[in-house]
> 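Structure below; questions to follow.
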Amino acid sequence: MASMRDYENACIQKGQLIIAGCDEAGRGPIAGPLVVAACVLPNDFNDDRINDSKKLTEKKRELLYDVIIEHALDYKIMIYDEKAVDELNVYQASKLGMEEGVRGLELKVDAVLSDAMPLNLGIPVQSIIKGDAKSITIAAASILAKVTRDRIMRDYDELYPEYGFKNHKGYPTKKHKEAVFEYGVLPIHRRTFEPIKSILHKQISLDV
C-alpha cells in the first residue's frame, strides 16, 4: 500500500530535504476567492489523519488545520479575490498562487510537490495528479487552503444570508443558482463564470 510520504521520501533520498507541497481550494465555485497554500512539514512528521481535504469532514479539517499550523516548518496562504480570478482565469491564478506561495516561504525550498500543476520555479517540481490523496505535504496544503476559504465563505454567509454560502461555499449548486436568479448577482460573484456571465450579458442587452 502506498504511503502518504512516498513522494517526500523519494525527494529526501535525492538530498532534497526542504520540500514544499502546494494546493488550492476554490477553482470550481462561481463566487468567492481562490485560496492557494504552500506548506513545508518536518521530514519526520506523519499523521494518518491528514488526507485530501475533500475527503474530510469540516470538523476534521478544522482540527487538522491547527495541527498543521503547529507542526509546519513554514507555510504561506495566498488569497485571490473574484476580480483576480476573472482577470487571470482560474488556472493561471492557481499556478501563480502556487509559485508566489513557494517564493514567499522563509525557508529555501529544495523541491516542490504540486497537485497537478506544472510550476516554473527553477527548482525540481513534481506535478502529481490527485496529489492531495498521495502526498502528506500536498494534503496539508489542501487543508490550509480549504479551511481558509471556508472561513471566508462563512463570513460572506453572514453578509448575504439568503444565498446560503455557509452550505455550498459558492459552488454552483441548484440552491445557489436559484438564489442568484431570485436576488441577483453579488460583488463576490465571478463575472467570467456561468451562469453569472450570461445573466450579466442579458442585463446589459436589456439596458441597451
> Go through it in stages, so that I can follow the logic: the residues are Arg49 and Asp47, the test is salt bridge (Lys or Arg N to Asp or Glu O under 4.0 Å), and I'd like the CA-CA distance, side-chain angles, deciding distance and then a yes or no.
CA-CA 5 Å; Arg49 298 171 297 175; Asp47 190 318; 2.8 Å; yes
> For the hydrophobic clusters of this structure (ILVMFWY residues joined by side-chain heavy atoms under 4.5 Å, transitively), does one cluster hold both Val90 and Val185?
yes
> I'd like to know if Leu63 and Ile136 are part of one continuous hydrophobic network [Ile/Leu/Val/Met/Phe/Trp/Tyr, side-chain heavy atoms within less than 4.5 Å].
no
> May I have the step-by-step check of side-chain contact (heavy atoms from CB on, under 4.5 Å) for Cys22 and Met117, ending in yes or no?
CA-CA 9 Å; Cys22 298; Met117 181 66 72; over 6 Å; no
> I'd like to know whether Met98 forms a side-chain contact (heavy atoms from CB on, under 4.5 Å) with Val112, so could you lay out the CA-CA distance, the side-chain angles of the two residues, the decisive distance to 0.1 Å, and finally the verdict.
CA-CA 10 Å; Met98 291 185 189; Val112 176; over 6 Å; no
> Looking at His201 and Lys197, would you say the former's side chain and the latter's main chain have a donor-acceptor pair under 3.5 Å?
no
> Just do the side-chain contact (heavy atoms from CB on, under 4.5 Å) check on Ile79 and Ile152 with the steps written out, would you?
CA-CA 10 Å; Ile79 300 171; Ile152 292 170; 3.9 Å; yes
> When rounded to the nearest 0.5 angstrom, what is the spacing between CD1 in Ile199 and CD1 in Ile30?
7.5 Å
> Could you check whether any side-chain N or O of Arg190 sits under 3.5 Å from a backbone N or O of Gly32, counting only pairs where one atom can act as donor and the other as acceptor?
yes
> Can you give me the closest heavy-atom contact between Ser127 and Pro118, atom names plus distance?
OG-N, 3.8 Å
> Taking NZ, NE, NH1 and NH2 as the nitrogens, is one of them in Glu99 or Lys95 under 4.0 Å from a carboxylate oxygen of the other?
yes
> Would you please say whether a donor-acceptor pair under 3.5 Å links the side chains of Glu100 and Tyr80?
yes
> Can you hop from Leu105 to Ile19 via hydrophobic side chains spaced under 4.5 Å?
no
> With distance as the sole test, does Arg5 use its side chain to make a donor-acceptor pair with the main-chain N or O of Phe45 at under 3.5 Å?
yes
> Report the distance from atom CG of Leu113 to atom CD1 of Ile128, rounding to the nearest 0.5 Å.
4.5 Å
> Would you give the length of the straight line joining atom CG of Asp115 to atom CZ of Arg27, rounded to the nearest 0.5 angstrom?
8.5 Å
> Looking at Asn43 and Leu17, would you say the former's side chain and the latter's main chain have a donor-acceptor pair under 3.5 Å?
yes
> Please lay out, stage by stage, how Leu200 and His189 fare under the test side-chain contact (heavy atoms from CB on, under 4.5 Å).
CA-CA 11 Å; Leu200 292 174; His189 277 114; over 6 Å; no
> As a quick check of understanding, evaluate salt bridge (Lys or Arg N to Asp or Glu O under 4.0 Å) for Glu62 and Arg151, giving each step before the final call.
CA-CA 10 Å; Glu62 288 281 351; Arg151 289 175 178 176; 2.7 Å; yes
> If we ignore hydrogens and angles and just use 3.5 Å, is the side chain of Asp157 paired with the main-chain N or O of Phe165 as donor and acceptor?
yes
> Is the count of non-hydrogen atoms from other residues, nucleotides or ligands lying under 6.0 Å from Lys134 atom NZ greater than 12?
yes
> Among Leu64, Val36, Val35, Ile77, which residue satisfies the side chain to side chain contact (heavy atoms under 4.5 Å, CB included) criterion with Leu144?
Ile77
> Could you measure the distance from the CE atom of Met153 to the CG atom of Leu159? Nearest 0.5 Å is fine.
10.5 Å
> Within a reach of under 6.0 Å around CD of Glu162, are more than 12 heavy atoms found that belong to other residues, nucleotides or ligands?
yes
> Are the side chain of Asp86 and the backbone of Arg191 linked by a donor-acceptor contact shorter than 3.5 Å?
yes
> Work out which heavy atom in Ala72 is nearest to a heavy atom in Leu41; give both atom names and the distance.
CA-CD2, 4.2 Å
> I need the minimum non-hydrogen distance between Ala139 and Asp52, along with the two atoms involved.
CB-N, 4.2 Å
> How many angstroms lie between CG in Asp66 and CD in Glu70, if you round to the nearest 0.5 Å?
8.5 Å
> Parallel, tilted or perpendicular, judged at 30° and 60°: which one describes the rings of Tyr160 and Tyr163?
perpendicular
> How long is the straight-line distance from CD1 of Ile68 back to CZ of Arg61, given to the nearest 0.5 Å?
11.5 Å
> Count the heavy atoms belonging to other residues, nucleotides or ligands that lie under 6.0 Å from CD of Glu87, then report whether that count exceeds 12.
no
> Please give me the minimum heavy-atom distance between Tyr156 and Pro33, naming the atom from each residue.
CE1-CD, 4.3 Å
> How far apart are the C-alpha atoms of Lys54 and Asp132, what are their side-chain angles, what is the distance that settles it, and do they pass the salt bridge (Lys or Arg N to Asp or Glu O under 4.0 Å) test?
CA-CA 9 Å; Lys54 296 184 291 297; Asp132 48 6; 3.0 Å; yes
> Hey, any chance Ile129 and Val125 share a hydrophobic cluster, counting ILVMFWY side chains that come within less than 4.5 Å of each other, even indirectly?
no
> Grab the two heavy atoms, one from Arg149 and one from Ala25, that are nearest each other, plus how far apart they are.
CD-O, 3.4 Å
> Compute whether any side-chain donor of one residue and acceptor of the other, for Glu24 and Ser94, lie under 3.5 angstrom apart.
no
> Applying a strict under-4.5 Å side-chain criterion to I, L, V, M, F, W and Y, I'd like to know whether Tyr171 and Leu56 cluster together.
no
> Heavy atoms, side chains only, cut-off 4.5 Å: are Gln126 and Cys11 in contact?
yes
> How are the rings of His168 and His176 set to each other: parallel, tilted or perpendicular (split at 30° and 60°)?
parallel
> Does any N or O in the side chain of Asp74 come within less than 3.5 Å of the main-chain N or O of Glu106, such that one atom is a donor and the other an acceptor?
yes
> Which atoms form the tightest heavy-atom contact between Leu119 and Ser114, and what is the distance?
CD1-CB, 4.0 Å
